[in-house]
Amino acid sequence: MGACSESMVKELRDLVEDEDEKLRITFKNMHQGYPDETLIRFLKARDWDIHKAHKMLLECLNWRIENEIDQILSKPIVPIELYRAVRDSQLIGLSGYSKEGIPVFAVGVGLSTFDKASVHYYVQSHIQVNEYRDRVVLPAASKKHGCYVGACLKVLDMTGLKISALSQIKLLTIISTVDDLNYPEKTDIYFIVNAPYIFSACWKVVKPLLQERTRKKIKLLQGSGQEELLKVMDSSSLPHFCRKDGSGSARHASTGTGNCYSLDHPFHQKLYSYIRGEAQRARPAQLVKEGSFHVDVPLLELDQSEIAHTIECELHKLEDQKLNKRMNGLTILRD
């Protein structure tokens, strides 16, 4: 079935209402006043199969309970120096809103190093951004525009991408799995910009690890993608790496409030203040450094030898293409 109906939503809603109280409570925390819209997301993620959607939703709700996701926004990464290190090496931020009022998140895929903290801190930080988006950013956007806003746009910057980035494939797979299983249909489209020639080799490795519905949402843009992006957002919402004002694509081309990755940007200031406020309400004692917040995530079995073989083959293809271009150039010069 390719479309949703009221009867399908009602059937899934009845199934959820028959669950125990803990599951119903965490479902309420998750849907933020939009239960039917949330049910539709899970139905869509399972191709409108009610039983598969119910199974997916139950697994998500149990994951939230077992990993205390409802309380994750009261667990700050402290001290602030550690959180700043995470922000400097896991590049993500809210750059603005589309013309339809959809939040635009920028992600620095190529320049994220993930080398300043343990894997658990990066997973914790990613989930906190997800939860803040769902509990604060999206409800505020819905209220402002007078209609339900339940997803975002993402602009993925590939500046600085190197084959060595694939050493982080396990962490990236964890984050992708978290999103696929527990935050389905939360991104309408992924715009890829500033892709270097090496991107095609990396894509060959990453693509099979993504869900088909995710792959269909990916749109590769030419260069910085400014021309295409301005069709869906105003210039003020363009991520700094998409502007042609001399800021280019450099990691810290814009500092402070101009760089949406920075802890000094209003989005991250509000996010961190919100988390600290929730922590103070939950635990009034002075905040001290805590261990990372461990979240269990089912992992795909990664065939490292197959990944290495794929990379090697793609690199050979790229080198052959570069050699052919040079040879063609020499032929033209001789002619």
Side-chain angles (χ1 to χ4, degrees), residues 1 3-76 103 123-152 174-188 211 213-214 271 274-275 277-283 293-298:
M1 183 177 293
C4 191
S5 66
E6 290 185 12
S7 61
M8 293 169 65
V9 176
K10 182 181 183 303
E11 184 174 346
L12 184 54
R13 187 194 312 126
D14 290 343
L15 290 171
V16 174
E17 289 175 354
D18 286 339
E19 299 296 340
D20 64 45
E21 186 178 8
K22 282 187 177 181
L23 291 173
R24 294 199 308 272
I25 290 174
T26 198
F27 178 63
K28 183 177 180 180
N29 291 335
M30 183 173 71
H31 70 59
Q32 291 293 307
Y34 295 96
D36 287 356
E37 289 83 355
T38 300
L39 295 175
I40 290 171
R41 286 197 296 108
F42 281 85
L43 283 165
K44 186 176 181 180
R46 288 296 178 260
D47 297 319
W48 314 111
D49 185 307
I50 294 172
H51 297 293
K52 289 182 179 179
H54 181 227
K55 181 176 182 293
M56 182 186 189
L57 179 57
L58 283 186
E59 289 173 349
C60 171
L61 296 177
N62 280 309
W63 173 79
R64 294 182 67 87
I65 291 171
E66 291 165 6
N67 292 282
E68 301 181 351
I69 302 301
D70 288 344
Q71 290 78 48
I72 198 169
L73 288 180
S74 64
K75 300 179 183 293
V123 174
Q124 176 182 350
S125 170
H126 178 78
I127 295 174
Q128 285 178 330
V129 171
N130 280 357
E131 290 293 313
Y132 186 75
R133 174 198 65 197
D134 293 351
R135 300 189 210 178
V136 178
V137 176
L138 291 174
S142 298
K143 183 177 180 180
K144 179 178 179 180
H145 293 277
C147 62
Y148 176 65
V149 178
C152 65
I174 291 173
I175 289 174
S176 175
T177 301
V178 166
D179 288 349
D180 282 337
L181 297 182
N182 303 294
Y183 300 93
E185 302 301 322
K186 277 294 182 178
T187 302
D188 284 340
Q211 296 289 326
R213 68 178 190 277
T214 300
L271 167 59
Y274 183 92
I275 293 174
E278 291 296 300
Q280 291 288 4
R281 280 187 282 275
R283 303 184 301 281
F293 185 67
H294 181 80
V295 175
D296 291 321
V297 183

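Remember, predicted model here, so these are calculated numbers, not experimental data.
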Can Asp134 and Lys186 be said to form a salt bridge (Lys or Arg N to Asp or Glu O under 4.0 Å), step by step? CA-CA 9 Å; Asp134 293 351; Lys186 277 294 182 178; 3.5 Å; yes

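- Every residue two or more places apart in sequence or in another chain was checked for a salt bridge (charged side-chain N to carboxylate O under 4.0 Å, His left out) with Glu11, and none qualifies.
- With contacts defined as side-chain heavy-atom distances shorter than 4.5 Å, the pair Arg133/Cys152 qualifies.
- Side-chain atoms of Asp49 come within 3.5 Å of backbone atoms of His51 as a donor-acceptor pair (strictly under, hydrogens ignored).
- Lys55 is linked by a salt bridge (charged side-chain N to carboxylate O under 4.0 Å, His left out) to Glu59, counting only residues two or more places apart in sequence or in another chain.
- How far CG of Leu39 is from CE of Met8: 11.0 Å, rounded to the nearest 0.5 Å.
- Of all heavy-atom pairs spanning Asp180 and Gln211, the tightest one is OD2-CG, 3.2 Å.
- Scanning for side chain to side chain contact (heavy atoms under 4.5 Å, CB included) contacts around Ala141 gives Tyr97, Val149, with sequence neighbours left out.
- Between Trp48 and Ile40 the shortest heavy-atom distance is CZ3-O, 4.0 Å.
- Thr187 pairs by the side-chain hydrogen bond (donor to acceptor under 3.5 Å, both in side chains) definition with nothing, not counting sequence neighbours.
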Can you list the steps and then say if Leu61 with Met30 is a side-chain contact (heavy atoms from CB on, under 4.5 Å)? CA-CA 9 Å; Leu61 296 177; Met30 183 173 71; 3.9 Å; yes

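- Residues that satisfy the side chain to side chain contact (heavy atoms under 4.5 Å, CB included) test with Asp188, not counting sequence neighbours, are Ile102, Ala151, Leu153.
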Step by step, work out the side-chain contact (heavy atoms from CB on, under 4.5 Å) result for Gln32 and Leu138. CA-CA 9 Å; Gln32 291 293 307; Leu138 291 174; over 6 Å; no

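- One distance of note links CD of Glu68 with CD of Glu66; it measures 11.0 Å at 0.5 Å rounding.
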Check the pair Met56, Lys52 against side-chain contact (heavy atoms from CB on, under 4.5 Å), reporting the backbone distance first and the verdict last. CA-CA 6 Å; Met56 182 186 189; Lys52 289 182 179 179; over 6 Å; no

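- To the nearest 0.5 Å, the span separating CD1 on Ile50 from CG on Leu12 amounts to 7.0 Å.
- Remark: Thr38 OG1 to Phe27 CZ distance equals 5.5 Å, nearest 0.5 Å.
- Among residues two or more places apart in sequence or in another chain, the ring pair (Phe, Tyr, Trp, His ring centres under 6.0 Å) test is passed with Phe42 by none.
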Please walk me through it: do Lys75 and Glu278 pass salt bridge (Lys or Arg N to Asp or Glu O under 4.0 Å)? CA-CA 8 Å; Lys75 300 179 183 293; Glu278 291 296 300; over 6 Å; no

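- Taking the salt bridge (charged side-chain N to carboxylate O under 4.0 Å, His left out) definition, one finds that Glu37 meets it with nothing, sequence neighbours left out.
- When each of Ile175, Asp179, Leu181 is tested with Thr177 by the rule side-chain contact (heavy atoms from CB on, under 4.5 Å), just one qualifies, namely Leu181.
- Between the CD1 atom in Ile275 and the OG atom in Ser125 there is a gap of 8.0 Å [rounded to 0.5 Å].
- Contacts classified as salt bridge (Lys or Arg N to Asp or Glu O under 4.0 Å) and involving residues 12-26 (residues at least two apart or in different chains) are given here: Lys10-Asp14, Arg13-Asp36.
- Looking at residues two or more places apart in sequence or on another chain, you find no side-chain hydrogen bond (donor to acceptor under 3.5 Å, both in side chains) involving Asn182.
- Looking at every heavy atom in both residues, Pro184 comes nearest to Ala45 through CB-CB, 3.7 Å.
- Lys28 meets the salt bridge (charged side-chain N to carboxylate O under 4.0 Å, His left out) test with no other residue; sequence neighbours excluded.
- A distance of 11.5 Å separates CD of Gln124 from CG of Asn67, quoted to the nearest 0.5 Å.
- Remark: Tyr183 pairs with Glu131 by the side-chain hydrogen bond (donor to acceptor under 3.5 Å, both in side chains) rule, at least two apart or across chains.
- In this structure, the side chain of His31 engages the main chain of Gly33 through a donor-acceptor pair within 3.5 Å.
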Kindly indicate, with the supporting measurements, whether the criterion side-chain contact (heavy atoms from CB on, under 4.5 Å) is fulfilled by Leu73 and Arg135. CA-CA 10 Å; Leu73 288 180; Arg135 300 189 210 178; 3.9 Å; yes

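- Asp70 meets the side-chain hydrogen bond (donor to acceptor under 3.5 Å, both in side chains) test with Thr26, Asn29, Arg64; sequence neighbours excluded.
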